[in-house]
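So the structure is just underneath, and the comments pick up after that.
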Amino acid sequence: MSAELFNVADIFGENVFNDAVMQERLPKKVYKNLKKTIEEGKELDLETADVIAHEMKEWAIEKGATHYTHWFLPLTGVTAEKHDSFISAPLPSGKVLMSFSGKELIKGEPDASSFPSGGLRATFEARGYTAWDCTSPAFVRQDAAGATLCIPTAFCSYTGEALDQKTPLLRSMEAINVQGLRLLRLFGNMTSKKVTPSVGVEQEYFLVDAEKFLQRKDLIYTGRTLFGAMPPKGQELDDHYFGTIRQRIAAFMRDVNIELWKVGVSSKTQHNEVAPAQHELAPIYAEANIAVDHNQIIMQTLKRVACQHGMKCLLHEKPFAGVNGSGKHDNWSLITDDGINMLDPGTTPHENIQFLLVLTCILKAVNRHADLLRESAADPGNDHRLGANEAPPAIISVFLGEQLEDVIQQLISTGEATHSLTGGKLETGVKTLPELTKDATDRNRTSPFAFTGNKFEFRMVGSRDSVASVNIVLNTIVAEAFSEACDVLEKSDDFQKAVHDLIKEYAIENQRIIFNGDGYSEAWVEEAERRGLPNIKSMVEAIPAVVTDKAVSLFEKFGVFTRAELESRAEIEYESYAKAINIEARTMIDMAGKQFIPAVIKYTKTLADTVIAVKGAGADATVQAEILADISALLKETKEALAALEKVTAEAAAKEDGADKANFYHSAVVPAMEALRTPVDKLEMIVDKEAWPMPSYGDLIFEV
Ligand code: ADP
Ligand code: MG
C-alpha cells in the first residue's frame, strides 16, 4: 500500500469473521449456539454448523475468497494448510456453485502421512483429522494466491492423539481454567465464570536485502549464516537499539501493520533491536490460543511483506555469529472473564493473600518443572543462545523484583508479611518535567522468567519457534500447583490460617528458584549449581524432560498429553534436531567445496603470479609471498576440516533415528562444523573482497 491516508479503526479486523460479523450475519439462535460452544465448550451440532459455514462462505466470497483452508500447527513448528476451492461439481448446465458445508467447516481430512507423528501414526494409516477451533476466529488472507478463507483448526490422528500444538494447548487452557476457578472460589469469588491464560508475544527478527540473501546458500537452506567474519563494527556502540527506524524499514513496518490489522492482529509496538538489522514487533496480548495463532500469522506476514519490499526476514535464533540473536518473550497472566488479573499484586501485595498464594504456587510450579520449561524452549537454533555465549541463560530462575522479593523474605523469616516497599518519587532534577512515581521494582533484562508488574515474562523461547509449547507447560504446571493448594485448603477448618501456612511453606520450599541478580554472570552459574538448579545447555540434553515419570504423571493428570503423545513428541524433537544439523553440515560442505576453496585457489594463483612478476621486475615481493603462505596454510586447514566434516556427517546420517543419532550430531557433527568455519572465517579476513564469493556480514547487516 502506498502512503495514502487510512483510518486504522476502519481497517482493523476487516478480514476477520469476528463476533461483530457473526452477530450481524448469523440468525440469533445459531449465534447463541455458537457462543455457547465458544464460551462453555458445548458441542456444535451439524445443523448449526451448516448455517455458520454458509454465512462464512458468503462473507468470504464478498472479500474475494475463492478457496478455504483448514489452517493448523503440526509439529513441524510452521503452519500447514491445504487449499480447497469452494466450487461444487459442475451442474448439468456446465456451471458450478460455490458451496461450503458445516461438515467441511468443522472437519477436514488431510492426508497426514507426511507430517511428523513420532510413531503415533504409521504411514499406512495416513488419516488425520483437522477440527475447527471455533475459539480462534476464521479470517480471509489476501496474498499472491488471491484471497483464502483460513479456518484455525486442531489436528489429530484417527485414534484421537494430538498431532499438533493446538490440541494440547486447548487442553491445558481447560486445566488452568478449572483449577483457577477452584482457587478463586476459595477466596469467595462466586461470580467469575472462566479463567483464561492471556499471552502477549514479542517477536524479534532480522531484515536483510533479498539480493544479498540469495547469494548465500547458508541463508537459503538453513536461515542462518554458517560462515562469516565479523565486520569492523558490530553492536558495541549500542546505536541501533531504539534508534531511528530507517525509511526502507519504516515502509516495511507500515505494510506489516496494515496486513496484520486487517486480519485482526493488534500489532502495537515496533522498534529496532540490539543488533544492526534487528527489529521487534509486539501485539497486544490475547487469549493464549489466539495469541499463539497470531504469532504464526505475524511470522508469515513478516516474511511475505519483506519479499514485497525486496528484503528477506530472518526468523532464525542466530542468523549471525557475534551479534545478538533473536527470541520471543512470552508474557503470561491469568485473567477472568470479568476482568480480574490473578497476577495483579495491587499496591500492597503483602495484604493481597490471594495474589501471594498464586505467586507462591507459580514459584512452586517453576521450581518443580524447570526442566520442562527449559525443554519447551529448546530448538536447534536456540542452542546458540541458551547456555551458549548469550542471553538468556539456560538456567531457569524467577525474577520477582525488590518489592515482591522483600514480601517473600518477610514471609520466610517471620511467617508474616507486614509491609510492601513503595517506589517513591522519581527525581529527575528538572522542574518542567512532570513528577513521576517510580515503579516499586526495576526492570531486569537477564532473567529467563521475570515478574513484570502483573504478568510473568518467559524470555527463553526462540524467535522461530511456536509459543504453543511453552504455554502448554506453563498452563499445566500452574494448574497442578493450584490443584494441590486447593486440595489442602478445601479441607481446612481455618482457611485464613491454612492459607498463611501454605504460602509460607511454598515460599520456603521454593526460594532457591528466586534470583534477582545478573543472570549472565559466571557467578550465577556457580551459585545455581550450589542451589541444585538444573543447567541444561543443549536441546538434546533438554528433550528427556518430557518423558520423565514426573512429566507423564503431570500431563496425564490434567489430560493434556498421554504418555504415547509425549513419547512421540520426544521422538519428533530428536529427529528434527538431527535433520536440522544434517542440513547445516551438508550446506557447509557444499559451500566450502564449491565456493570457498575454489575462490581461494583462484586467488592464490593471482598472488603467485604477482610474486613472480614483482620478483621478475627486481622488486621485493616478501609481503606478497608471506600472504600467499598464510593463505595456503589456511586453505590446507580448510580442506582437512572439510574432509573431517564429510566423514562425520556421513557417519551420523547412517545412524538409526532417535536419541543416539541426535546426540551424535550434537557431540560430533557440530564441533566438526565449527572446525571448518574457523579457517574459512580467517581466510575471509585476508582474501581480497573482490575474490570472496558471497556478501559479507558487513554487507548483510549494515547495508539493508
Ligand atoms: P516490555 O516492556 O517487555 O516491552 P510491554 O509492557 O510492552 O513489555 O508488553 C509486552 C507484551 O506483554 C505485549 O504484548 C503486551 O500486550 C503484553 N502484556 C501486557 N499485559 C499483559 C498481561 N496481563 N498478560 C499477558 N500479556 C500482557
Ligand atoms: Mg519484554
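One-based numbering along the sequence shown. Both counts, for ligands and for their atoms, begin at 1 and track the order of listing.
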Hey, is the main chain of Val467 close enough, under 3.5 Å, to the side chain of Asn471 for a donor-acceptor pair?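 Yes, Asn471 side chain to Val467 backbone: donor-acceptor pair under 3.5 Å.
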Donor-acceptor under 3.5 Å (Asn341 side chain, Asn454 main chain):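 A pair under 3.5 Å: yes.
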I'd like the name of whichever of Gln203, His329, Lys455 reaches closest to atom 9 (O) of ligand 1 through any heavy atom. Lys455
Using heavy-atom distances only, which candidate in Phe456, Tyr285, Trp332 approaches atom 17 (C) of ligand 1 most closely? Tyr285
Is there any N or O on Ser333 that sits under 3.5 Å from an N or O of ligand 1?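 Yes - when backbone and side-chain N and O of Ser333 are compared with those of ligand 1, one distance drops under 3.5 Å.
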Please determine if Pro283 has a nitrogen or oxygen closer than 3.5 Å to a nitrogen or oxygen of ligand 1. yes
Closer than 4.0 angstrom: is that true for some heavy atom of Glu457 and an atom of ligand 1? yes
Out of all atoms in ligand 1, which are within 4.0 Å of some heavy atom of [X]? Include the element for each.
{"X": "Asn341", "answer": "23 (N)"}
{"X": "Ile284", "answer": "16 (O)"}
{"X": "Gly200", "answer": "14 (O), 26 (N)"}

Tell me if the centroids of the rings in Phe456 and Phe449 come within less than 6.0 Å of each other. yes
Would you please indicate if the ring centroids of Trp332 and Phe458 are separated by under 6.0 Å? no
Please check if atom NZ in Lys557 has more than 12 non-hydrogen atoms from other residues, nucleotides or ligands closer than 6.0 Å.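 Atom NZ in Lys557 is packed in, count exceeds 12.
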Please tell me whether Lys455 and Asn331 have a donor and an acceptor in their side chains that are separated by less than 3.5 angstrom.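 Side chains of Lys455 and Asn331: pair found under 3.5 Å.
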